[in-house]
Structure formats: C-alpha cells, structure tokens
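Note that ligands are numbered from 1 as they come in the structure, with each ligand's atoms numbered from 1 the same way.
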Amino acid sequence: MLSDVTDRRPMAQDADAALLGELARLLGPRGYTDDRADLEPWLVDWRGRVRGEALALLSPADAEEVAAIVRLAAAARMPIVPQGGNTSMVAGATPPADGRALILSLRRMRAIRAISPLDGVAIVEAGVPLSALHDAAEAQGMRFPLSLAAKGSATIGGLISTNAGGTQVLRFGPMRALVLGLEAVLPDGSRFDGLSALRKDNRGYDLRQLLSGAEGTLGIVTAAALRLVPAVAARGVAWVGLETPEQALDLLRRLEAATGSAVESFEIVPADGLALVLRHIPATRAPLAGRHRWNVLVESVAPAGAEDPRVALEQALVAAIEDGVAADAVVAASESQAEALWKLRETMSEAERADGMAAKHDVSVPVSAMPGFIESARAAVEARFAGARVLAFGHLGDGNVHFNVRPPAGTPNGAWLAEHGDAVSRHVHDLTVAAGGSISAEHGIGQTKLAEYARLGDPVRLAAQRAIKHALDPLGLMNPGKLVPLAPGEAAP
Ligand code: 2HG
Ligand code: ZN
C-alpha cells in the first residue's frame, strides 16, 4: 500500500501545480504570487509563535474573483486560509504547517461603497482598514463605534470574522452587534448577498451572525453593512488610581449613573502593567503623581449641543475620591492629553511583548464576578507556580480581562514557558470555567486555543458547531484546523 501512496504523490503535485497555474491566469500578477519573499510576512502570526507554509498568496480584485477562487480550490480539494491584518492573538489566520494551502487576502477590496447617515449604515468592503472606516464615517458626521489598538491594520473582514471586541464594547457591543448585513462567498463558491441592512429581518437562521466570529471556517466575508451612530462632539478621558478591582467596578456604575450612561470605555490596568508601558513605550509618562495598585482609563462622550462631558466626569470623580472609591484622578484637558492617556492603555500588549513572552489568556466571567476573579485567580496561579507574575488588564466593564502570566523575573523566558506554559493555561482556564466564564472572550479560538476548547467546551455546543461546519463546508477546506475541534476519533479532512 505504501507504494500506492508514493506513486500518487507526483500526480497530486501535478494537480496542485495545475491549480496554481489556473489561479495565476485568473488573478494576474497583481492578484497572484508564489514568490517566497512575498509570502514570508503572511506565514507567521503576530506574536511570532506559530509558523505555517502556503503555496501562494491570492489577492482578488472583487467578490466575483473570490467566488472563482473558492470554486477552483474546492474542485482541487485545496484549503483556503483567509488573512486580514494578521493581528490575531490566537494564530487564527496563520496557514497550516504542511503548507498545502492558499492564503487569501482581500487587501485590494478597499472600497467604502456607501455611507448613509439616514440609515445609519456604511457599506464597506472586507479589505478596508478600521481606521479608514472611522475617517470616512467622521467625514459624514457619523461614527463607527468599535475601536482597538490595531485599528490601522485590522481589516473589516478580519474584524467580522473574529467578532472583534476592543475598548468600546461597553456601550455598542462587539463587532457582531454592529453587522447589519453581509456579502460573502460560501464554501461551494456561491455568493450570499445579504447587504440590505434591514433593521428587522426574522427569516430564521441568521447567516450574518453565523459568519460573524466564524474565523473564516464557513466562508469568506467580502463586504458588510455596518451600523453607524452619530459622531460625538466632545469626549472626556480620565485616568484614575485606586486600590482594588472591586472599587473599579463600583466606580464604573457610579460614573454611568452620573453621566447618563455616556461612559463608552472603562479599562483596567494594574500598576505593573503601567510600569511595563512606561519602560518600553517611548514618549509615555506616568499620569498620576503616586503609584496605585490599580488604574482605570475611562472615556465618556457627549453629542453636539450637550454639556462638555469633562464637567460631569470630573464632578463624579471628585465625589468618588471623597467617598473613598478612588484615590486620585486626572481628566485630560485637551485632545493631545486624551491621546496620551489612551496610549498608556493601547500599548499594553506591545509593552508586554517587548518585555518577553507570556502565557496569554483572554477570559470573561459575569461582570459582577470579575473583580473577585482577578484577585482570587491571581493568588491561585501565583501560589501554584512560584514566581509567576500575573498581569490582568483590559475590559473590566465587559467582564473580560487579559489574564496573562509572565515567567518569574530573571528566568529565561522561553524555557519557563515551554516547561510550565500549558499547565498554567490549563489552570487559568479551569478557574475560568469554574467561575462560569469563557476561555475566549474576544480573541477567538484560532489554533492556539483549540486544544483547550476541545477539553473544556460544552459537548452539546461543540457538536452543534461541528454540525454547522460540516453542513456548510463538507470538504473542510475553509481555514481548516481553526476554531472547530475535531470530534474524538475524527480524522482531519
Ligand atoms: C487588548 O485588549 C488586546 O489590548 C490584546 O485584546 C490583549 O495582548 C493581550 O493580551
Ligand atoms: Zn482586549
């Protein structure tokens, strides 16, 4: 039998070569490359931990070309790995190690087809970077209310496919809450045109929602109708020092009450997180005179004609300090000060990476349980893994923190993680599940969380997700090896 396999291999390679030839003809030199140097940046994930290989990088010009690619790939049983800005935290867009895959980039599909302030909708192609949508909406007096640190490179297609979260989820929800319509190519090459952005549409299973957060495993999102909200006229941004995560949550509810729910961001940063930023990120400085165990970045906004949001924010913060809920605070007096405060939060991840590798976890529990979870899980992890340094920061108002665990100071980074990293992650995830939480609040499952998802995912949920995957992608060609764990005993397609 072995000789059969060996004999078939050249034929399979011929078929792959024929497919690549067809794709090169279809897409032309702007849309096709198999040059190793061109491919290189697409083969490694943002954190530099996972490396794959691919036969070619395809950059179609429109949805018609995407459909043609998917049909040709399906006929040749060739996997497709869609990749947007390549800032996945879970290697969700990195091709497989065996290298038999095509990377699909929609970077040439960058049109903002329409912005309608009357409908509160933008029709945007998948390759548009998030910051370009922000600018285009603003030019029309509107706003797209989702933001994250990678906004300059993260694309609309990637944000939808990963149901991205970020720092503005508190008021408007994650990406899937903002997707009103979708255009996509399904795994059989058919084109789904669901762009009409109806506010009400009750025709059963919702393909928009199935494709949002599907990590490219059910098809390729080519464009979307996205919700816009009115632009804000002014924002108030403050940095607050306090003692405990409990106080932070208490502060959030007070600020919401005092500002009429105008709080859009509420991010928590521990003292050692701020110290990392100040050490590694140029042009940053401590916002408060003293050192506080915990810090909060808060932003509240106001529409045109309303009172300056800084006034209500400042009053509420003064009251919180008087009541002993916060220790100190500063409200940005100008836009450049506001930007400087945001920089301290948005560069957290970069600063942590510059300091060395960490075992990263993106966990959520019910909002009210998060303060207790942060403290008790930190104590549990630090007691079990001597010297380990927990860095929990992020979206407290959403019940989601990045519960990252750094090696003991002075230890060779990689070696400690190689020895303890998996055990640390299992421990953190066990604690999360015991607290009724999720092991992936906003980063997705990708490749790096797949084994843990298989271990801890509710079997009923996993079976339903596999059934959906098999129904829409029976050949298993859409971003294989991501998101959906194989069933026990199931072979990879
Ligand atoms: C953030 O909130 C990102 O800054 C990255 O989700 C989190 O690096 C991380 O762990
Ligand atoms: Zn985050």
For ligand 1, note which part of [X] has a heavy atom under 4.0 Å away: side chain, backbone, both or neither.
{"X": "Glu346", "value": "neither"}
{"X": "Glu267", "value": "neither"}
{"X": "Thr167", "value": "neither"}

Return yes if some donor-acceptor pair links the side-chain N/O of Asp45 with the main-chain N/O of Val50 below 3.5 Å, else return no. yes

Any side-chain donor-acceptor pair under 3.5 Å between [X] and [Y]?
{"X": "Asn295", "Y": "Trp239", "value": "yes"}
{"X": "Ser334", "Y": "Ser336", "value": "yes"}
{"X": "Glu299", "Y": "Trp342", "value": "yes"}

Assess whether side-chain hydrogen bond (donor to acceptor under 3.5 Å, both in side chains) is satisfied between Arg107 and Ser59, documenting all intermediate values. CA-CA 7 Å; Arg107 60 186 166 162; Ser59 310; 3.1 Å; yes

Quick one: which ligand 1 atoms are inside 4.0 Å of a heavy atom on Glu442? 2 (O), 6 (O)

If you count the atoms of ligand 1 from 1 in the order shown, which ones are under 4.0 Å from a heavy atom of Met89?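 Near Met89, meaning under 4.0 Å from one of its heavy atoms, ligand 1 has 5 (C), 8 (O).
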
Under 4.0 Å, counting heavy atoms only: does [X] come that close to any atom of ligand 1?
{"X": "His395", "answer": "yes"}
{"X": "Arg353", "answer": "no"}
{"X": "Glu352", "answer": "no"}

Could you tell me the separation between the CZ atom of Arg345 and the CD atom of Glu267, rounded to the nearest 0.5 Å?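 Here the rounded value is 4.5 Å.
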
Tell me the protein heavy atom at minimum distance from [atom], and give that distance in Å.
{"atom": "atom 2 (O) of ligand 1", "answer": "Arg345 NH2, 2.7 Å"}
{"atom": "atom 6 (O) of ligand 1", "answer": "His443 NE2, 2.7 Å"}
{"atom": "atom 8 (O) of ligand 1", "answer": "Ser349 OG, 2.5 Å"}

Do any N/O atoms on Lys360 end up under 3.5 angstrom from N/O atoms on ligand 1?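 Yes, Lys360 has an N/O under 3.5 Å of an N/O on ligand 1.
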
Would you say the rings of His402 and His361 are close, in the sense that their centroids are separated by under 6.0 Å? no

Show your working on side-chain contact (heavy atoms from CB on, under 4.5 Å) between Leu228 and Ile115 and close with a plain yes or no. CA-CA 9 Å; Leu228 299 180; Ile115 289 195; 3.8 Å; yes

